[in-house]
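A short write-up of the structure that comes next.
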Amino acid sequence: MGDVLGQVLPLALLDTLGVSTIAIPVWFLLMPSGLRIGRVFGYLALVSLGYLVLGLVLLSTLAAVREDLKSALESPAGDTAMGVAGGALLLLAAWYGLLRRERPGSGRLVRWREQAVGRSSTAKGLITVSTLAVVLEAATMFPYLAAIGILGESALPWPSQAAVLAVYCLVMVAPAVLVALARLVSKSAVHRPLRRIDIWLRDNARENTAWLIALAGFILLSNSTAYDRIMALLSSD
């Protein structure tokens, strides 16, 4: 188990910088008034639980179709699909990081924050926001998906895989938990650092996501024969 933990925990540290695991909690903690900080801890618990459940489902699915999936990926059609998918992700990363522009309209987001952690927040609002955060971000959390792949390929029994995944999910939200605890103990001492973190996250969120998408695209493309052809073409010039 130690070897597998050594492989997946660095990926968990990367996922601490996700939108659902740090950006949203910091944004919650910057609520100007009426913050119910217990709701922030509830949000983090729901997010970590959501990723744990999603991961267990993916591990079960992977175990059932691993051999068929391996055969499909090694076939000519699978190789072509992997190359096309890798190239598409690289193009998506370029569009998302360089060309996409954010649309105005933060009013809805402010209402969501109020429904989740504000003075008039409800359990339904908190669960809704937590679920949306997991569902909308899961597909772009490539370190998390890579960790699922490592666990699926490991020789660990199912209970050990589940335990490692649970540790992974706890590490993902640990920095946000520490920040929330600091906010609970001393609001004035952490407000300025929180504001700086929030600004940095908002200024770099699109670029960070684009790099993660590009990395996933490169991994897919580099495992296809299309990559070998491209390298051969470039080296011939």
Any side-chain heavy-atom pair from [X] and [Y] closer than 4.5 angstrom?
{"X": "F41", "Y": "V177", "answer": "yes"}
{"X": "V40", "Y": "L184", "answer": "no"}
{"X": "L9", "Y": "V167", "answer": "yes"}
{"X": "Y144", "Y": "L54", "answer": "yes"}
{"X": "I148", "Y": "L165", "answer": "yes"}

Hphob cluster co-occupancy, [X] + [Y], side-chain heavy atoms under 4.5 angstrom:
{"X": "L13", "Y": "L5", "value": "yes"}
{"X": "F28", "Y": "L181", "value": "yes"}
{"X": "V164", "Y": "W158", "value": "yes"}
{"X": "I150", "Y": "L59", "value": "yes"}
{"X": "Y227", "Y": "V84", "value": "no"}

Where is the tightest heavy-atom contact between [X] and [Y], given as atom of each residue plus distance?
{"X": "S20", "Y": "A133", "answer": "CB-CB, 3.9 Å"}
{"X": "L90", "Y": "A214", "answer": "CD2-O, 3.4 Å"}
{"X": "Q161", "Y": "S154", "answer": "NE2-OG, 3.9 Å"}
{"X": "L11", "Y": "A147", "answer": "CD1-N, 3.7 Å"}
{"X": "L56", "Y": "A162", "answer": "CD2-CB, 3.7 Å"}

Under the 3.5 angstrom rule, does the side chain of T21 hit a backbone N or O of D15 as a donor-acceptor pair?
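Yes.
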Expected output: side-chain Y43 to main-chain V129 donor-acceptor under 3.5 Å
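Such a contact is absent between Y43 side chain and V129 backbone.
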